[in-house]
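Beneath this line is the structure, given in structure tokens, with notes to follow.
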Amino acid sequence: MRALKFIIPLAVFVGLVAFFAVGLTRDPREVPSPFIGKPAPAFTLQQLHDANATFDPAQMRGKVWLLNVWASWCVSCRVEHPLLVEMSRKNLVPIIGLNYKDQRDDGKQWLDKFGNPYTLSVFDVEGKVGIDYGVYGVPETFVIDKQGVIRYKQIGPITPEALDKTLVPLIRKLEAA
Amino acid sequence: MKALLAALMIALSTSAFAQADEVANPDPAVEQRLKDLGEELRCLVCQNQTIADSNAPLALDLRNQIRTQVKQGKSDDEIRDYMTARYGDFVLYKPPFKATTAILWIGPFALVALGLLVFLFVIRRRRPPPAAAAVPQERRAQIEALLDESGRAETPRGPPRKDPRRS
């Protein structure tokens with residue numbers, strides 16, 4: 001019974017250490033998306049390269065696809081762009097670009113310069129669709145399944161690690177479903 | 001003269017930030033509601049500022065969005081729901097009371113209550129309640145005589161020892 005005097009504070013300390021050990025590895029600035037498991041919000045936007053053509057996510061039903069939010073003014077996007085180009089070359093999964101709050105010409109020139117991994121890009125000049133998707137920074141990437149449900153959101157650039165450990169297994173799993 | 005110019009430039013520069021979301025004829029009622037709501041919502045880019053205060057482009061967009069919705073006649077709750085549907089509960093400065101946030105809200109009170117309990121428990125342990133009965137008069141005189149004696153003499157036998165505190 002006397003040992004309890006020492007065991008209780010020790011137990012509390014161990015508990016605290018466990019919380020810190022997990023908590024400190026997390027990024028407090030990351031805002032988890034409330035859209036995981038919910039249908040991707042509908043929209044109709046002009047395409048970047050062709051103002052006369054539009055795109056609606058419903059067109060992608062039956063396919064697993066990525067929605068990648070990018071902009072010509074975004075520096076971090078240049079970090080993940082080679083990876084996206086590589087993914088498109090390997091035909092891993094269709095990638096639709098969401099050109100966020102950009103100028104049409106700037107966007108087109110950026111793709112000419114750095115490569116175009118996108119099946120197509122939509123032109124969200126006011127960022128309204130971005131807000132509807134809960135975009136708060138660029139780049140962000142959504143993984144959307146065959147039923148049009150958002151399954152995962154990558155906040156920030158896609159790293160090789162995120163690609164190998166999270167995205168590719170998820171895409172494989174969703175395609176098998 | 002230079003100081004005056006510098007001061008003027010600094011004073012005017014803040015208005016440049018507000019330009020993009022200034023309306024031609026601001027409706028004071030709408031702007032007030034915008035301010036009240038904006039101060040309850042977190043800017044997700046800076047994360048330590050409210051949407052009302054932040055100069056981030058996203059905050060600007062969201063302020064315009066709120067203004068449009070207020071003009072459309074949406075209620076405060078509807079606008080808050082719009083924000084949480086897109087950004088989650090983190091966008092609210094006042095976290096809602098849910099199963100997941102119960103610990104956050106109740107925790108401090110629970111800890112205070114726990115502390116009080118421990119405190120009372122420790123106090124009770126140290127001092128058992130005195131079971132003193134009233135002292136009868138005869139004994140009282142004897143007790144006082146004894147107390148007086150021990151005050152005068154250091155020890156019951158022998159000469160008084162030197163006070164070790166005085167060297």
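Just the heavy atoms: all of them, side chains too, but no hydrogens, waters or symmetry mates, feed the values below. Letters A, B, ... are given to chains in the order of the sequence lines, protein chains preceding strands, and every chain is numbered from 1.
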Practice task
To the nearest 0.5 angstrom, please state how far the CZ atom of A:Phe35 sits from the OH atom of B:Tyr87.
Solution key: 8.5 Å
Exercise for the section: Please tell me if the side chains of B:Tyr82 and A:Ile131 come closer than 4.5 Å, counting only heavy atoms from C-beta onward. Expected result: yes
Exercise for the section: Report the option among A:Pro34, A:Gly127, A:Gly130, A:Gly137 that has the most heavy-atom pairs separated by less than 4.5 Å from atoms of chain B. Expected result: A:Pro34
Practice task
Treating Ile, Leu, Val, Met, Phe, Trp and Tyr as nodes and any side-chain heavy-atom pair under 4.5 angstrom as an edge, say whether A:Leu67 and A:Met60 lie in one connected cluster.
Solution key: yes
Exercise for the section: Please round to the nearest 0.5 Å and tell me the distance separating atom CG of B:Asn48 and atom CZ of A:Arg29. Expected result: 7.5 Å
Handout entry: CD (B:Gln65) with more than 12 external heavy atoms under 6.0 Å
Key = yes
Handout entry: Whether over 12 other heavy atoms sit under 6.0 Å from A:Lys63 NZ
Key = no
Problem - Within 6.0 angstrom of A:Leu16 CG, more than 12 heavy atoms from elsewhere - result: yes
Practice task
Answer yes or no: does atom CD of B:Gln72 have more than 12 heavy-atom neighbours from other residues, nucleotides or ligands under 6.0 Å?
Solution key: yes
Handout entry: Cluster overlap A:Ile155 with B:Met83, hydrophobic side-chain contacts below 4.5 Å
Key = yes
Fill in the blank from the handout: Between the CD atom in A:Glu30 and the CZ atom in B:Phe90, the distance rounded to the nearest 0.5 Å is 11.0 Å
Problem - Heavy atoms of other groups near A:Arg172 CZ, more than 12 under 6.0 Å - result: no
Exercise for the section: Side chain from CB out, backbone as N, CA, C, O: work out which of these in A:Tyr136 comes under 4.5 Å of a heavy atom of chain B, or both, or neither. Expected result: both
Fill in the blank from the handout: Cut-off 4.5 Å, heavy atoms of chain B, and the answer for A:Pro41 is neither
Problem - Distance, nearest 0.5 Å, that separates OG1 of B:Thr68 from NZ of A:Lys128 - result: 6.5 Å
Problem - Heavy-atom contact with chain A under 4.5 Å, split by part of B:Ala85 - result: backbone
Problem - Side chain, backbone, both or neither of A:Lys101 within contact of chain B (heavy atoms, under 4.5 Å) - result: side chain
